Trainee: 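Below are the structure tokens for one structure; questions will follow.
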Protein chains: 2
Amino acid sequence: MKNLIDLEELKTLAPAGYHIAVRMGFVFPAEEHNAMPLGWVRHYTARGFMMQDPILRWAYAETGQTRWSALKENDPFGILDQARGFGLTFGVAVSLRDLPGDAATGVEQGSRSFGSFARHDREFAPSEIARLQDIVQERHDALTPPTNLTEAELEAMRLARDGMLLKEIAHQLGVSEGAIKQRLKSAKLKLDARNSTHAIAKATQFGLI
Amino acid sequence: MKNLIDLEELKTLAPAGYHIAVRMGFVFPAEEHNAMPLGWVRHYTARGFMMQDPILRWAYAETGQTRWSALKENDPFGILDQARGFGLTFGVAVSLRDLPGDAATGVEQGSRSFGSFARHDREFAPSEIARLQDIVQERHDALTPPTNLTEAELEAMRLARDGMLLKEIAHQLGVSEGAIKQRLKSAKLKLDARNSTHAIAKATQFGLI
DNA sequence: ACTCAGAGTCGCCAAAAAGGAGAGCTAAAA
DNA sequence: TTTTAGCTCTCCTTTTTGGCGACTCTGAGT
């Protein structure tokens with residue numbers, strides 16, 4: 001899937017780094033964009049900060065926007081202080097979710113997306129925060145998975161993903177090669193993909209296969 | 001990539017459910033297997049339990065094995081009690097990581113994998129726990145990514161993943177179509193893949209592209 | 001009961017794309 | 001120097017794709 005995020009704009013809006021997680025599932029997101037400083041990522045990962053991170057804690061619990069500075073009292077491990085040592089001085093987080101039962105998305109349980117953005121020099125302006133929220137919302141919407149793929153189409157894609165030829169897939173599923181072509185063609189159409197490789201990459205990122 | 005986990009065996013070992021995350025990145029695992037009860041997943045997700053989950057907290061901080069019953073004193077939100085209402089009565093978690101700087105894996109920062117397993121009727125036996133740890137370790141090892149792919153090979157796969165034709169990729173990168181074929185061929189060899197679609201699926205799951 | 005639309009299946013054909021073998025060329029490592 | 005890995009190219013084969021039409025089945029509406 002093409003990266004639809006304007007990386008230049010994000011680099012301008014959050015010059016010190018950003019982290020975006022789109023459509024969280026049970027525990028993990030459908031897509032992740034991580035441009036936090038490498039030193040911070042190592043520091044953070046090595047210490048397992050994830051479970052104490054006040055930003056993630058907020059993002060899982062709330063919806064809307066917050067400056068990191070508003071989370072200070074909820075940071076017993078001083079993670080925000082340590083982040084400052086990596087140029088992550090001022091920050092803002094946005095979090096959003098589908099409405100539960102939103103028929104348009106076909107997602108029963110609304111899924112959540114959030115982003116965290118940092119700069120070194122000053123607090124974020126309200127207009128910048130609004131734009132960042134829009135960016136996360138756009139990506140959230142872009143990853144709304146199609147729900148009309150049939151099990152036959154998904155199964156054909158699963159086997160193609162594992163490197164099988166059309167004739168092998170056809171034999172394994174007990175149908176003609178033409179039928180497999182038709183299934184993949186239909187899947188490409190539904191996924192708005194240019195070829196089978198593209199369709200399979202998209203379906204994988206959607207968590208469909 | 002084929003699912004190499006013996007689902008039947010897991011179903012026998014953890015009849016009430018299991019959740020395995022292999023090779024965590026910053027926030028995101030290379031692979032996730034979730035067979036927890038659907039009701040529990042909804043309950044858990046809707047309430048954002050992830051950030052308070054004593055099992056995840058343990059898994060991010062420790063290495064080895066632990067019974068859920070040993071985590072009770074570290075569960076202020078009573079998540080383990082609530083899990084019991086979904087048949088998740090007895091449980092065990094295992095967590096493991098590469099040694100930092102392990103040359104064999106080529107991973108600078110050792111990555112972490114963990115699993116959580118549940119049954120309704122009794123505590124897990126030590127031999128069962130050992131077997132579960134082996135299963136997670138096997139999967140962890142299976143997902144050791146190859147490190148010898150060149151940037152040229154990765155770039156060709158990225159563009160192919162996004163649906164571009166070989167001639168388009170060649171034009172965009174300013175080389176011949178034959179060169180792109182050669183790069184993909186080399187990538188297929190290194191990834192032990194049967195064709196480009198397979199190679200791209202593998203590279204994606206390894207987090208290489 | 002009847003028609004209609006849509007989805008799924010299949011075969012055929014021609015064109016496009018991908019894959020495979022082999023060989024030359026270069027730069028860096030042993 | 002020899003070796004090795006990476007890149008490039010050409011020629012040829014295999015696979016995939018797109019377009020067409022036809023058949024079946026099912027469910028919705030008339």
Side-chain angles (χ1 to χ4, degrees), chain A residues 1-2 103-104 106 145-206 208-209, chain B residues 1-2 103-106 144-206 208-209:
Chain A
M1 186 177 322
K2 280 210 181 74
T147 58
N148 56 345
L149 280 97
T150 67
E151 185 48 46
E153 289 156 0
L154 295 174
E155 186 60 19
M157 283 196 288
R158 272 188 279 268
L159 297 178
R161 174 197 62 190
D162 291 340
M164 293 173 70
L165 302 179
L166 297 188
K167 75 173 61 162
E168 293 174 330
I169 299 171
H171 181 256
Q172 173 152 343
L173 298 183
V175 298
S176 74
E177 186 176 333
I180 299 302
K181 288 198 290 190
Q182 182 58 38
R183 291 179 186 182
L184 291 177
K185 186 179 183 175
S186 175
K188 279 177 275 188
L189 187 67
K190 291 175 181 176
L191 287 162
D192 190 27
R194 294 186 58 187
N195 53 40
S196 291
T197 298
H198 194 196
I200 288 165
K202 280 192 159 192
T204 300
Q205 295 198 16
F206 283 140
L208 296 174
I209 60 175
Chain B
M1 189 176 318
K2 281 208 180 73
T105 68
T144 301
T147 59
N148 55 346
L149 280 95
T150 67
E151 185 49 45
E153 288 157 1
L154 295 173
E155 184 62 18
M157 284 196 287
R158 272 189 279 269
L159 297 177
R161 174 197 61 191
D162 292 339
M164 292 175 70
L165 305 178
L166 295 189
K167 74 172 62 161
E168 293 174 331
I169 298 170
H171 180 255
Q172 173 153 342
L173 298 183
V175 297
S176 73
E177 185 177 332
I180 299 302
K181 285 186 192 179
Q182 180 56 36
R183 291 178 186 182
L184 291 177
K185 184 179 182 177
S186 175
K188 278 177 275 189
L189 187 67
K190 291 175 181 176
L191 287 162
D192 190 26
R194 294 185 57 186
N195 53 39
S196 292
T197 299
H198 194 196
I200 288 165
K202 281 193 160 192
T204 301
Q205 295 198 15
F206 283 140
L208 296 174
I209 60 174

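Values reported hereafter were calculated over all heavy atoms of this structure, with side chains retained and with hydrogens, waters and symmetry mates removed. Each chain gets a letter, A, B and so on, in the order the sequences are listed, and its residues count up from 1. Note that the structure is a prediction, hence the values are computed from the model and not measured.
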Trainee: Rounded to the nearest angstrom, tell me the gap between atom CG in B:Leu166 and atom P in D:dT16.
Mentor: 14 Å

Trainee: Could you state the atom-to-atom distance from CG of B:Leu149 to P of D:dC7 in whole Å?
Mentor: 11 Å

Trainee: Of all the choices, C:dT9, D:dT17, C:dG11, which nucleotide is nearest to the side chain of A:Ser176 once you look at every atom?
Mentor: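 In terms of side-chain proximity for A:Ser176, the closest of C:dT9, D:dT17, C:dG11 is C:dG11.
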
Trainee: If you check every side-chain atom of B:Gln182, which of C:dG22, C:dA18, D:dT16 has the closest atom?
Mentor: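 Between C:dG22, C:dA18, D:dT16, the one nearest the side chain of B:Gln182 would be C:dG22.
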
Trainee: Give the nucleotide from the list C:dG8, D:dG6, D:dT17 with an atom nearest to the side chain of B:Lys190.
Mentor: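 Selected nucleotide: D:dG6.
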
Trainee: Rounded off to whole Å, could you give me the CG-to-C1' distance for the A:Asn195 and D:dT15 pair?
Mentor: 13 Å

Trainee: In whole Å, I'd like the distance from the CD1 atom of A:Ile169 to the C1' atom of D:dT15.
Mentor: 12 Å

Trainee: Under 4.0 Å between any heavy atoms, over every strand shown, what does B:Ser196 touch: base, sugar-phosphate, or nothing? Just pick one.
Mentor: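 If one applies the 4.0 Å heavy-atom cut-off, B:Ser196 turns out to touch the sugar-phosphate alone, with no base involved.
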
Trainee: Within the pair B:Lys181 and D:dT13, is there a side-chain N or O less than 4.0 Å away from OP1 or OP2?
Mentor: no

Trainee: For the backbone of A:Ile200 and the side chain of A:Thr204, can you confirm whether one donor and one acceptor N or O come within less than 3.5 Å of each other?
Mentor: yes

Trainee: With heavy atoms under 4.0 Å as the rule, sort A:Glu168 into base, sugar-phosphate or nothing.
Mentor: nothing

Trainee: Quick one: pull up OG in B:Ser196 and CD1 in B:Ile180 and give me the separation to the nearest 0.5 Å.
Mentor: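 That separation rounds to 11.0 Å.
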
Trainee: Indicate, with a heavy-atom threshold strictly under 4.0 Å, whether B:Ala152 touches base, sugar-phosphate, or nothing.
Mentor: sugar-phosphate

Trainee: Examine C:dG20: is either OP1 or OP2 under 4.0 Å from a nitrogen or oxygen in the side chain of B:Lys185? Give yes or no.
Mentor: no

Trainee: Any idea which of C:dG19, D:dC7, C:dC10 is nearest the B:Lys188 side chain?
Mentor: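 Taking heavy atoms from C-beta onward, the closest nucleotide is C:dG19.
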
Trainee: To the nearest angstrom, how far is B:Met164 atom CE from D:dT16 atom C1'?
Mentor: 19 Å

Trainee: Quickly work out the B:Ile180 CD1 to D:dG6 P distance and round it to whole Å.
Mentor: 15 Å

Trainee: Looking for any heavy atom pair under 4.0 Å, which part of the strands does B:Thr150 touch: base, sugar-phosphate only, or nothing?
Mentor: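 If one applies the 4.0 Å heavy-atom cut-off, B:Thr150 turns out to touch the sugar-phosphate alone, with no base involved.
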
Trainee: In this structure, how many angstroms lie between the P atom of C:dA18 and the CG atom of A:Leu184, rounded?
Mentor: 15 Å

Trainee: For DNA chain D, whose closest nucleotide is more 5', that of B:Arg183 or that of A:Glu177?
Mentor: B:Arg183

Trainee: Of all the nucleotides listed (C:dG20, D:dT16, C:dA17), which has the minimum atom distance to the side chain of A:Leu165?
Mentor: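 The closest nucleotide is D:dT16.
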
Trainee: What is the distance, to the nearest angstrom, from the NE2 atom on B:His198 to the C1' atom on C:dG19?
Mentor: 16 Å

